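Here the structure is a predicted model, which is why all the values come from computation and not from measurement.
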Amino acid sequence: MKKIMLFALFAIFAGNTMAQDVKFPVIDSSPADIAYFPLNVAKAKDDSKPLIKVIYSRPSKKGREIFGVLEQFGKVWRVGANESTEIKFYKPVVIAGKKIKAGSYSLFAIPNKDNWTLIINKQTDKWGLTYNQEKDLLRTDVPTKALTSTVESLCITFTQQDKGANLIIAWDKTFVELPIEIK
């Protein structure tokens, strides 16, 4: 019994010593965030379930010119920073007339001055702009809209619509809306 107690005590001290040597990363300059539809469904006290979830990183403007400079017009952008932005549909959806099965996908965009091409891609869990056009499930153009005030950090949210939601992507003085019909 003494040997077991001695071994347990040794294990506890050894674990504490090893924990002190762990080096944790600094806070990311583009922190991760999650947007749900319906909004705040994850915080609901009832048994509500999300219909859509977007996981993305939020880069900041930091005095930079964003669209046309930092994110060049006509080039694929991962809609955020760090790992590719992921969009999960918990039920089948229809976007721009195309049926999309429930599942997880990546979200990319090709920003232009007057419109963006939004891309739903089957490839997920990739860092940076790891993009394979052959895995595109959908491409659709949406018009850009001007904001009256600056959005410092990239923001993704949803607004309610009759048959589903509008996915809103906003940064700097620009935003776009993508209508999503939920089946």
Side-chain angles (χ1 to χ4, degrees), residues 28 30-42 48-60 66-68 70-147 151 153-183:
D28 196 294
S30 298
D33 204 353
I34 301 174
Y36 286 99
F37 181 78
L39 298 177
N40 297 318
V41 70
S48 300
K49 305 241 186 279
L51 299 171
I52 305 171
K53 176 171 76 173
V54 178
I55 303 170
Y56 68 108
S57 291
R58 300 185 66 182
S60 295
I66 302 302
F67 297 110
L70 180 65
E71 300 306 336
Q72 296 178 13
F73 289 143
K75 297 207 174 185
V76 176
W77 171 49
R78 64 184 163 220
V79 186
N82 304 332
E83 188 171 326
S84 298
T85 293
E86 183 178 318
I87 187 164
K88 181 175 183 177
F89 303 116
Y90 290 83
K91 292 184 174 186
V93 299
V94 176
I95 300 174
K98 172 134 174 105
K99 293 178 184 177
I100 299 175
K101 294 178 185 177
S104 294
Y105 305 93
S106 57
L107 176 65
F108 294 94
I110 301 172
N112 290 296
K113 185 176 181 184
D114 297 322
N115 67 33
W116 288 11
T117 301
L118 292 177
I119 303 164
I120 306 290
N121 185 282
K122 293 183 266 185
Q123 184 174 334
T124 60
D125 301 315
K126 297 294 181 183
W127 187 265
L129 188 56
T130 304
Y131 171 71
N132 182 346
Q133 184 174 348
E134 291 176 13
K135 296 194 177 200
D136 285 357
L137 192 61
L138 167 84
R139 282 180 171 229
T140 188
D141 291 337
V142 294
T144 58
K145 299 177 182 180
L147 292 163
V151 173
S153 295
L154 174 71
C155 187
I156 296 178
T157 192
F158 294 94
T159 57
Q160 179 85 39
Q161 67 158 330
D162 289 341
K163 296 182 179 182
N166 288 327
L167 170 70
I168 311 291
I169 304 168
W171 195 16
D172 196 5
K173 292 213 173 224
T174 301
F175 79 102
V176 296
E177 293 179 284
L178 177 66
I180 302 172
E181 183 180 339
I182 301 170
K183 291 298 187 179

Side-chain donor or acceptor of N112 paired with backbone N/O of G74 under 3.5 Å: yes
Note, V76 side chain near T117 side chain (heavy atom, < 4.5 Å): no
Heavy-atom closest pair, residues W116 and A109: CE3-CB, 4.1 Å
K91 and L51: CA distance, side-chain angles, deciding distance, side-chain contact (heavy atoms from CB on, under 4.5 Å) verdict: CA-CA 6 Å; K91 292 184 174 186; L51 299 171; 3.9 Å; yes
Note, K183 side chain near V94 side chain (heavy atom, < 4.5 Å): yes
From D28 atom CG to R58 atom CZ, the distance as rounded to the nearest 0.5 Å: 13.0 Å
Point-to-point distance, once rounded to the nearest 0.5 Å, from CD1 of I120 to OG1 of T140: 9.5 Å
Non-hydrogen side-chain atoms of P179 and Q161 separated by less than 4.5 Å: yes
Heavy-atom side-chain contact between L70 and W171 under 4.5 Å: yes
Rounded distance (nearest 0.5 Å) linking atom CG of N40 with atom OG of S48: 11.0 Å
ring-ring contact (aromatic ring centres under 6.0 Å, His included) contacts touching residues 121-147 (sequence neighbours left out): F108-Y131
Nearest-0.5 Å distance that lies between atom OG1 in T157 and atom CD1 in I169: 11.0 Å
side-chain contact (heavy atoms from CB on, under 4.5 Å) partner of F158, chosen from V54, N166, L178, I168: V54
Separation of T124 OG1 from I87 CD1 (nearest 0.5 Å): 13.0 Å
Side-chain H-bond candidate by donor/acceptor type, N115 with T144, under 3.5 Å: no
Close side-chain approach of I66 and T174, heavy atoms under 4.5 Å: no
Check: N121 side chain, N132 main-chain N or O, donor-acceptor pair, under 3.5 Å: yes
Residue pair I180 / F89, side-chain heavy-atom distance below 4.5 Å: yes
Parallel, tilted or perpendicular: rings of F67 and W77 (30°, 60°): perpendicular
For L154 against G80, the heavy-atom pair lying closest together: CD2-CA, 3.4 Å
Minimum-distance pair of heavy atoms, taken over all atoms of F73 and K113: CE2-N, 3.5 Å
Closest non-hydrogen atom pair between S30 and S57, with its separation: O-CB, 3.4 Å
Side chain to side chain, F175 and V151, heavy atoms closer than 4.5 Å: no
Which atom of K53 lies closest to which atom of Y90, heavy atoms considered: CE-OH, 3.5 Å
Flag side-chain contact, heavy atom, 4.5 Å: I52 against I182: yes
Nearest heavy-atom neighbours spanning Q123 and S106: O-OG, 2.7 Å
Distance-only side-chain donor-acceptor flag, S153 / S60, under 3.5 Å: yes
T85 side chain to V79 backbone, donor-acceptor under 3.5 Å: yes
Backbone of I119 reached by a side-chain donor or acceptor of R139 within 3.5 Å: no
Distance (rounded to the nearest 0.5 Å) between K122 NZ and D136 CG: 9.0 Å
